[in-house]
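Note sheet for the following structure.
Computed from a predicted model, the values in this text were never measured in an experiment. Chain letters run A, B, ... following the sequence lines, proteins first, then strands; residues in each count from 1.
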2 protein chains.
Amino acid sequence: MSEEKSPVTTGARRDSYHHGDLKRALTHAALSLVAERGPKGFTLTEAARRAGVSAAAPYRHFADKAHLLATVAEQGFLELHTALTTTAADAASDPAARLISIGRAYVRWAVDHPDHYRVMFGADNDKAQHPSLAVAAGQAFGDLLDVITLCQAAGKLRGQEPGQVAGPLWSLVHGIASLAIDGELRNVGIDQDPEDMVADALSALFGR
Amino acid sequence: MSEEKSPVTTGARRDSYHHGDLKRALTHAALSLVAERGPKGFTLTEAARRAGVSAAAPYRHFADKAHLLATVAEQGFLELHTALTTTAADAASDPAARLISIGRAYVRWAVDHPDHYRVMFGADNDKAQHPSLAVAAGQAFGDLLDVITLCQAAGKLRGQEPGQVAGPLWSLVHGIASLAIDGELRNVGIDQDPEDMVADALSALFGR
DNA sequence: ACCTGAACACCGTTCAAGT
DNA sequence: ACCTGAACACCGTTCAAGT
């Protein structure tokens with residue numbers, strides 16, 4: 001029998017006994033798995049298989065399955081943060097327009113990466129158990145806070161505390177994103193594009 | 001206080017070979033399990049154990065684990081629907097006040113039944129696979145639609161199509177509920193009571 | 001019609017042992 | 001330090017067999 005082993009996944013080498021970049025290979029495989037079989041279909045054993053290692057190998061890099069998923073979620077928040085800041089840089093100078101742009105960007109990223117978004121807000125990630133995940137989530141939230149502060153400074157948005165308005169605004173944006181991703185909106189007969197929905201709702205905020 | 005509880009849900013062994021009300025006992029055990037160990041901790045085997053039957057018995061009543069969870073979710077939407085209609089009956093005659101009341105009631109029910117709510121909106125329930133679940137969800141959504149239609153008829157809310165405003169409104173309410181349940185709001189330093197948050201946001205909708 | 005018991009193919013996790 | 005292989009205690013699901 002030939003010693004033909006499992007095919008090497010993206011950018012990983014198995015030329016030696018040691019993998020080399022197993023941690024990255026595992027998170028990558030995890031995300032692919034979630035995309036292919038849904039968040040529930042993710043399996044630590046299968047992720048290890050795709051990385052070309054034994055089922056026990058991941059435990060050198062992650063305490064358990066939940067920690068691997070938390071790392072994937074954390075990466076998602078970093079990517080979302082990047083998407084939001086990039087949008088903010090390109091946005092118009094009008095604060096209200098910037099808020100609408102960032103709202104659109106948030107929903108667009110979520111709809112474009114539904115599986116990643118589900119992992120980020122899955123009920124199984126215990127933020128108390130994964131501090132760096134909480135930090136990354138807070139960073140993405142900070143992007144929202146910044147634009148809100150801008151709007152308030154320009155007198156476009158009432159309220160004194162940015163957090164006072166950031167709560168409902170984040171909820172609106174997250175609600176649209178997650179209901180759209182799960183198909184709940186279409187289920188009740190709402191076919192409007194989720195991105196347009198945020199834009200409309202936010203512009204109504206500024207008196208149309 | 002009522003003694004008409006379900007027969008054998010408390011783990012007490014039945015006296016006959018047949019259970020009698022296994023279907024109900026299983027959904028009841030499932031909900032308790034989700035409450036105790038989280039949505040991820042739910043196990044079909046353990047639910048069967050609590051109902052006092054073998055691990056294979058549930059398959060006489062549910063096609064698989066997902067169908068049991070879908071049934072639990074469906075019950076949740078029915079309960080939510082009841083909570084919303086009860087509130088609507090008690091609410092003031094002013095349409096705007098009614099909308100605020102129903103928004104409060106939605107978030108209150110979700111926060112009071114976090115585990116049930118998670119099952120209802122968990123990523124694992126495939127509405128296409130469980131039509132009656134979609135119907136129950138649509139019924140709860142209908143409660144929202146009704147009040148919105150009332151508001152529009154009274155000129156309190158602009159827009160011609162109720163669905164046009166129901167989408168963002170449901171998203172806002174669902175976003176607040178789910179972020180509150182998962183502790184995301186507190187995580188970013190927002191300590192406001194979620195019920196008050198909906199009320200504030202909705203009253204702002206009516207020009208304060 | 002409803003339930004049991006045994007069976008199968010998995011998982012997550014641990015641990016001694018190899019490189 | 002990193003990985004393997006075997007082991008353990010589970011699960012979900014199926015099926016022949018009991019009541």
Original post:
Taking the inter-plane angle between the rings of A/F77 and A/F121 on a 0 to 90° scale, is it parallel (under 30°), tilted (30 to 60°) or perpendicular (over 60°)?
Top reply: perpendicular

Subject >> Atom-to-atom span, CZ of A/F62 to P of C/dT14 - whole angstrom >> reply: 15 Å

Original post:
Does the B/H116 side chain pair with the main chain of B/V72, one donor and one acceptor, at a distance under 3.5 Å?
Top reply: yes

Original post:
Between A/D182 and A/R118, does at least one N-O distance fall below 4.0 Å, as a salt bridge requires?
Top reply: yes

Between the protein and nucleotides 16-19 of chain C, which nitrogen or oxygen pairs are less than 3.5 angstrom apart?
{"unit_1": "C/dG18", "atom_1": "N2", "unit_2": "A/Y17", "atom_2": "OH", "d": "3.0"}

Original post:
For B/H67, which residues count as a ring pair (Phe, Tyr, Trp, His ring centres under 6.0 Å) partner, sequence neighbours excluded?
Top reply: B/H130

Original post:
Closer than 4.0 Å, any side-chain N/O of B/H61 to the OP1 or OP2 of C/dC3?
Top reply: yes

Subject >> Spacing between A/K23 atom NZ and D/dC3 atom P, to the nearest angstrom >> reply: 12 Å

Restricting both atoms to N or O, compile the protein contacts to nucleotides 6-13 of chain D shorter than 3.5 Å, with distance only.
{"unit_1": "D/dC11", "atom_1": "OP2", "unit_2": "B/R49", "atom_2": "NH2", "d": "3.2"}
{"unit_1": "D/dG12", "atom_1": "OP1", "unit_2": "B/L44", "atom_2": "N", "d": "3.0"}
{"unit_1": "D/dG12", "atom_1": "OP1", "unit_2": "B/K65", "atom_2": "NZ", "d": "3.3"}
{"unit_1": "D/dG12", "atom_1": "OP2", "unit_2": "B/L44", "atom_2": "N", "d": "3.1"}
{"unit_1": "D/dG12", "atom_1": "OP2", "unit_2": "B/T45", "atom_2": "N", "d": "2.8"}
{"unit_1": "D/dG12", "atom_1": "OP2", "unit_2": "B/T45", "atom_2": "OG1", "d": "2.9"}
{"unit_1": "D/dT13", "atom_1": "OP2", "unit_2": "B/Y59", "atom_2": "OH", "d": "2.7"}
{"unit_1": "D/dT13", "atom_1": "OP2", "unit_2": "B/K65", "atom_2": "N", "d": "3.1"}
{"unit_1": "D/dT13", "atom_1": "O5'", "unit_2": "B/Y59", "atom_2": "OH", "d": "3.1"}

Subject >> Greater than 12 external heavy atoms within 6.0 Å of A/R24's CZ >> reply: no

Subject >> Helical stems, DNA chain D - three or more consecutive Watson-Crick or G-U wobble pairs below 3.5 Å >> reply: C:4-8 with D:12-16, C:12-16 with D:4-8

Original post:
Between A/Y117 and A/W109, does any side-chain donor sit less than 3.5 Å from a side-chain acceptor?
Top reply: no

**OP:** Evaluate the side-chain proximity of B/Y106 to B/L144: yes if any heavy-atom separation is below 4.5 Å, no if none is.
**Re:** no

Original post:
Can you list the residues that meet the ring pair (Phe, Tyr, Trp, His ring centres under 6.0 Å) rule with B/H61, with sequence neighbours excluded?
Top reply: none

Original post:
Are any of the side-chain nitrogens in B/R50 or B/E36 under 4.0 Å away from the carboxylate oxygens of its partner?
Top reply: yes

Subject >> Partner residues of A/R60 under the salt bridge (charged side-chain N to carboxylate O under 4.0 Å, His left out) criterion, sequence neighbours left out >> reply: none

